[in-house]
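What follows is a short report on a single structure.
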Amino acid sequence: MPSTPLWKLRRLAPRALRVLARRKSEHAALAAFETRLVAAANNMQTAYDATAKYEPAWRKEMDEGRSAIGRLVKVVRVWMPQTAKAVAGFDASSFMDNPTVADDVLEDAGRFHDVVADYRDAAQQPLPFQADCLKELDASLQAAHKEWSEAEASDKAYQDVSGRMRVAAGEFDAELQAFRKTLAAVAGRSDRDFQKLRAEKAHTPDEEDDPTAPNPAAPPVPGPGAPGAPGGGAPQ
């Protein structure tokens with residue numbers, strides 16, 4: 001993981017390519033970067049943009065998964081008081097005690113479903129509200145399983161694309177630092193091209209910037225989601 005923020009590297013990548021193209025003829029040490037720096041900069045841009053492009057879909061799936069889990073928590077809690085009153089030994093405190101953990105919610109809802117479905121009184125009669133409860137619970141359980149499964153799949157895909165971006169960023173950062181040091185040795189640290197390649201200058205717009213590069217006023221910094229927790233997964 002590079003020390004330079006990812007959005008800054010994304011903005012510096014096209015700058016580095018243009019500086020290299022303009023200055024490589026000045027010294028063989030600069031020209032020697034052509035293969036490695038060009039590949040690293042292009043890979044960084046491609047990986048960053050792919051991650052940023054996938055992020056809205058990931059957010060949508062995670063939001064839908066969290067919403068479905070939240071609805072399931074509410075359904076179980078709505079039916080628990082009557083169940084606790086009717087079923088001897090029913091411990092309401094053992095259900096939905098971790099409402100922010102999707103796997104726990106699904107497991108608790110499944111156990112609650114079994115309690116309601118299996119209960120019979122001394123006369124072998126089910127709970128009087130069994131049909132209505134199970135109808136609502138079945139629908140919510142099915143939706144929660146579906147939506148959370150899709151959220152987990154999307155989160156895994158987002159982690160994969162984010163991981164590739166971070167690897168590409170690390171490789172580009174290493175090449176950029178070496179190129180910057182070489183340029184400073186050739187032309188001096190006051191050189192305009194050296195200055196525009198400093199991470200501190202990424203905030204300053206440059207005429208050579210890629211128009212699709214991140215806006216420094218609100219730089220997107222994509223990050224992988226946190227699997228398993230409806231409240232997790234915020235970009236870093």
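Every value quoted in this text rests on a predicted model; they were computed, and no experiment measured them.
Side-chain atoms of Glu136 and Trp79 include a donor-acceptor pair closer than 3.5 Å. In the model, Gln159 has a side-chain atom that pairs as donor or acceptor with a side-chain atom of Asp155 under 3.5 Å. In the model, Tyr54 has a side-chain atom that pairs as donor or acceptor with a side-chain atom of Ser154 under 3.5 Å. Judged purely by distance below 3.5 Å, without hydrogens or angles, the side chains of Asp191 and Gln195 never pair a donor atom with an acceptor atom.
Heavy atoms only, all atoms of each residue included: Phe172 and Leu9 are closest at CE2-O, 3.5 Å. Here the shortest heavy-atom pairing between Leu197 and Arg180 reads O-NH1, 2.7 Å. Taking all atoms of both residues into account, the shortest heavy-atom contact from Gly65 to Ala151 is CA-CB, 4.2 Å. Minimum heavy-atom separation, Ile69 to Ala144: CD1-CB, 4.1 Å. Nearest heavy atom pair, residue Lys201 against residue Arg15, reads O-NH1, 3.3 Å. Annotation for Ala40 and Glu175: closest pair CB-CG, 4.0 Å, computed over non-hydrogen atoms.
Taking the charged nitrogens against the carboxylate oxygens, Asp49 and Arg10 do have a contact shorter than 4.0 Å, which makes a salt bridge. A salt bridge links Asp108 with Arg111: at least one charged nitrogen is closer than 4.0 Å to a carboxylate oxygen. By the 4.0 Å N-to-carboxylate-O rule, Lys156 lies too far from Glu152 to be salt-bridged with it.
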Legend entry - Full working for side chain to side chain contact (heavy atoms under 4.5 Å, CB included) between Leu17 and Asn42: CA-CA 9 Å; Leu17 292 177; Asn42 286 333; 3.5 Å; yes
Inset, instruction - Step by step, work out the side chain to side chain contact (heavy atoms under 4.5 Å, CB included) result for Val105 and Asn98. - result: CA-CA 7 Å; Val105 170; Asn98 290 310; over 6 Å; no
Inset, instruction - Could you give me the CA-CA distance, side-chain angles and deciding distance for Gln142 and Asp138, then say whether side chain to side chain donor-acceptor pair (under 3.5 Å) is met? - result: CA-CA 6 Å; Gln142 182 178 0; Asp138 282 342; over 6 Å; no
Inset, instruction - Could you walk me through whether Met80 and Phe112 pass the side chain to side chain contact (heavy atoms under 4.5 Å, CB included) test, one step at a time? - result: CA-CA 8 Å; Met80 277 202 301; Phe112 183 71; 3.8 Å; yes
Inset, instruction - Step by step, work out the side chain to side chain contact (heavy atoms under 4.5 Å, CB included) result for Val161 and Arg164. - result: CA-CA 5 Å; Val161 71; Arg164 290 192 291 271; 3.8 Å; yes
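Asp193 contributes atom CG, which lies 4.0 Å from atom CZ of Arg22 (distance to the nearest 0.5 angstrom). Here the CG atom belonging to Leu127 is positioned 11.5 Å from the CG atom belonging to Asp132, to the nearest 0.5 angstrom. Atom CG of residue Leu134 and atom NE2 of residue His113 lie 4.5 Å apart, to the nearest 0.5 angstrom. Here Tyr119 contributes atom OH and Cys133 contributes atom SG; the two are 14.0 Å apart, rounded to the nearest 0.5 Å. Atom CZ of Phe33 and atom NE2 of His27 lie 11.5 Å apart (nearest 0.5 Å). Note that CG of Leu20 is 5.5 Å distant from CG of Leu37, once rounded to the nearest 0.5 Å.
Criterion: ILVMFWY side-chain heavy atoms under 4.5 Å apart, direct or through other members. Under it, Leu106 and Val76 are part of a common hydrophobic cluster. Residues Val167 and Leu176 are members of separate hydrophobic clusters, defined by side-chain heavy-atom contacts under 4.5 angstrom among Ile, Leu, Val, Met, Phe, Trp and Tyr.
Classification of the Phe90-Phe95 ring pair by plane angle, with boundaries at 30° and 60°, yields parallel.
Geometric assessment of Arg192 against the ring of Phe194 yields a negative cation-pi assignment under the 6.0 Å and 45° thresholds.
Thr51 places none of its side-chain heavy atoms less than 4.5 Å from the side chain of Leu6. At least one side-chain heavy atom of Trp148 sits under 4.5 Å from a side-chain heavy atom of Met62. With contacts defined as side-chain heavy-atom distances shorter than 4.5 Å, the pair Pro126/Arg120 qualifies.
Looking only at distances, no side-chain donor or acceptor of Glu26 sits under 3.5 Å from a matching main-chain atom of Val186. Side chain of Ser94 to main chain of Asp91: a donor-acceptor pair is present (N/O by atom type, distance under 3.5 Å, no hydrogens or angles). Between the side chain of Arg77 and the backbone N or O of Met96, at least one donor-acceptor pair lies under 3.5 Å. In this structure, Gln130 contributes its side chain and Ala117 its backbone to a donor-acceptor pair below 3.5 Å.
Taking the six-membered ring wherever Trp is involved, the centroid distance between the rings of His203 and Trp7 falls below 6.0 Å.
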